[in-house]
Q: 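Quick one: this structure, given as structure tokens, is what I'll be asking you about.
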Amino acid sequence: MSLLKSMLSVSALTMLSRITGLLRDMLVSAQFGASGVRDAFEVAFQLPNMLRRLFAEGAFSQAFVPLLAGVKAKEGEAATRALVNKVASVQLVALIVVTVLGMLIAPALIWLSAARFTAAQNVLASELLRIMFPYLLFVSLVALAGGVLNVYRHFAIPAITPVLLNVATIFGATVLAQHLAWGIHGLAWGVLLGGVLQLLLQIYPLKKRGLLPKWQWSPKDEGVKKVLTGIVPALLGVSVAQVSLLINTNYAASFGEGAVSWLKTADRLMELPLALLGVALGTVLIPSLSKAASTQSENEYQQLLDWGLRLAVLLGVPAAVGLAMQGGAIATVLFQRGAFTAADAGQTHWAIAAYSVGIVALIAVKILAPGFYARQDIRTPVRVAMVALLATQLFNLMLVTLVFPSAQRHAALALGTSLGAVVNATLLLLLLTKKGHYQAQAGWAMFVLKVVVAAAAMGVSLYLLARPAAFWANSTEWARLSRLLWELGVAALAYFVSLSVMGFRLRDFKR
């Protein structure tokens, strides 16, 4: 299967995940609105989710997947299976320790995440965190399984796995919440159920391919040591992003009730193109980049990076334009019902527009950072991430205090994150070029010009089709949905027809 088909396959399955995720968020918003109770859940869920990115998709995957791909290419199947067994055994023990510790110190973790919470919110968030913390154990083992399957170029199961979390959370919100004293606890139990289901889904495909891990305790094994050695700098790098998220949550919690929920809702909308493009591209690129690096195929390595960056620009730019111009309509159609008011949708739009500034950069980071990981160079992206963290917080301070009005300070945090991503992507690109790992292929200037012209056509079509705010506030749900789909459909058509007229063909991206 070509890389383009693999990427599109992963994107399609990820789209299913994001659709169910949006349905989940719609139900949660309708039931709990942008309230103090919802804020407590968001902060509590953020912690195991944050640690998941540290121990699962983040530091662990960055250290494990390139090494496993290299072992498979050089040493064969037996060595690959042995490494999987040994790493899985060590990971399981570490996760049990972290999970138990996290449940014991839950109140302290909540205080660190949202020091401005009320006493009642602190108690509620601590209860929710204790319910959800074991989710970290299950989802981290899921990440191990997904990494193994991706190395063997089996992308479907890892891509569709997140759907189970969304379905379980919907079950928690609509069924379990009806039988608990606090409805929000149903969401927490749904998250835990989702983690269990995700892990169960991995068992059959691993067993079928003879890759199901077996207990093999060998913490001093050379391969395990390499993974652990790689995790330390990777952990620092991923921690930088999570520290930034923690600071932003504390900021938002101090802005008053609802600010955390507005920011989190916008963040989830922004993650739709990020997951469909950045995560999908990173998933299919890392095994191929690792193989090219381990076999010293420098030309193939550079072409892979160039291919990924062009797709990031091609698809990231229209996503940014669409969210910037239609963010308010999207927030209204998806979330404005029940306890989530028109005012909440308006505040969410501010954050969506601010996040849209950094979409292309955020996608590019998902491509450029693996360029270093494939060479088992984790320290360089860590240093860049630290610089980006400092830049993000400086942007936040300036934007919150000097630029944005008090009512929209949460959007200042979103814009600071976007600008920090631009710094991150720019530095990664410059360093890859400086080290001789990447050289832009011919035709970039004309390619960017075509994308800009097509994006302008898309923006003009959205401007001409725009309806007044009164339409979105007062129309029926069906009228709003049909109008939004019409406007976005016409805009997408304008973008791709413009590209086609200028000579763009999708087959040019086949690898």
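Along the sequence shown, residues are numbered consecutively beginning with 1.
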Q: Determine whether a donor-acceptor pair (N or O, by modelled atom type, separation under 3.5 Å) exists between the side chain of S418 and the backbone of Y355.
A: yes

Q: Has S461 got a side-chain atom pairing as donor or acceptor with M458's backbone, closer than 3.5 angstrom?
A: yes

Q: Would you say that M270 contacts L362 through its side chain, given a criterion of any heavy-atom pair below 4.5 Å between the two side chains?
A: yes

Q: Step by step, would you call V333 with L485 a side chain to side chain contact (heavy atoms under 4.5 Å, CB included)?
A: CA-CA 10 Å; V333 169; L485 293 176; over 6 Å; no

Q: Closest approach of G358 and A421, non-hydrogen atoms and distance?
A: O-CB, 4.4 Å

Q: Minimum heavy-atom separation for A388 to V423, with atom names?
A: CA-CG1, 4.4 Å

Q: Taking C-beta and beyond as the side chain, do L413 and L263 meet within less than 4.5 Å on heavy atoms?
A: yes

Q: Using a 4.5 Å cut-off on heavy atoms from C-beta on, say whether the side chain of L465 contacts that of R483.
A: yes

Q: Which atoms form the tightest heavy-atom contact between P213 and L144, and what is the distance?
A: CG-CD2, 4.4 Å

Q: To the nearest 0.5 Å, tell me how far N424 CG sits from T417 OG1.
A: 11.5 Å

Q: Side chains of residues 317-329: which donor-acceptor partners sit under 3.5 Å, not counting sequence neighbours?
A:
from: Q326; atom 1: NE2; to: E487; atom 2: OE1; distance (Å): 2.6

Q: Could you tell me the separation between the CG atom of N166 and the CZ atom of R24, rounded to the nearest 0.5 Å?
A: 4.5 Å

Q: Look up atom OG1 in T380 and atom CZ in F372, then write down how far apart they are to the nearest 0.5 Å.
A: 5.5 Å

Q: Give the minimum heavy-atom separation between A331 and A345, together with the two atoms involved.
A: CB-O, 3.9 Å

Q: Applying ring pair (Phe, Tyr, Trp, His ring centres under 6.0 Å), can you list everything that pairs with H349, at least two apart in sequence or on another chain?
A: none

Q: Looking at residues at least two apart in the chain, or sitting in another chain, which of them share a ring pair (Phe, Tyr, Trp, His ring centres under 6.0 Å) with Y438?
A: none

Q: For the CG atom of L390 and the CG atom of L394, what is their distance to the nearest 0.5 Å?
A: 4.5 Å

Q: Please name all residues satisfying salt bridge (charged side-chain N to carboxylate O under 4.0 Å, His left out) with R81, sequence neighbours left out, ordered by chain then number.
A: E77

Q: Within this structure, what is the CZ-CD1 distance for the pair R310 and I367, rounded to the nearest 0.5 Å?
A: 12.5 Å

Q: Can a donor-acceptor pair be found, under 3.5 Å and without considering hydrogens, that links the side chain of T401 to the backbone of L397?
A: yes

Q: Considering non-hydrogen atoms only, spot the tightest contact between L136 and P48 and give its length.
A: CD1-O, 4.0 Å

Q: Report yes or no: does Q393 contribute a side-chain atom to a donor-acceptor pair with the main-chain N or O of G416 at less than 3.5 Å?
A: no

Q: Of the non-hydrogen atoms in A364 and L309, which two are nearest, and what is the gap between them?
A: CB-CD2, 4.3 Å

Q: Evaluate side chain to side chain contact (heavy atoms under 4.5 Å, CB included) for L206 paired with L149, printing each intermediate quantity in order.
A: CA-CA 7 Å; L206 288 175; L149 291 171; 3.9 Å; yes

Q: Mind checking side-chain hydrogen bond (donor to acceptor under 3.5 Å, both in side chains) for S356 and listing every partner two or more places apart, or none if nothing turns up?
A: none

Q: Run the side-chain donor-acceptor check on residues 439-453: report pairs under 3.5 Å with partners two or more places apart or on a different chain.
A:
from: Q441; atom 1: NE2; to: Q439; atom 2: O; distance (Å): 3.0
from: W444; atom 1: NE1; to: D306; atom 2: OD1; distance (Å): 2.8
from: K450; atom 1: NZ; to: M502; atom 2: O; distance (Å): 3.0

Q: Below 4.5 Å, heavy atoms only, C-beta onward: do W262 and W350 meet side chain to side chain?
A: no

Q: Any side-chain heavy atom of L499 within less than 4.5 Å of one from L314?
A: yes

Q: OG of S500 to OH of Y495: how many Å apart, nearest 0.5 Å?
A: 12.5 Å

Q: Would you say that L141 contacts Q202 through its side chain, given a criterion of any heavy-atom pair below 4.5 Å between the two side chains?
A: no

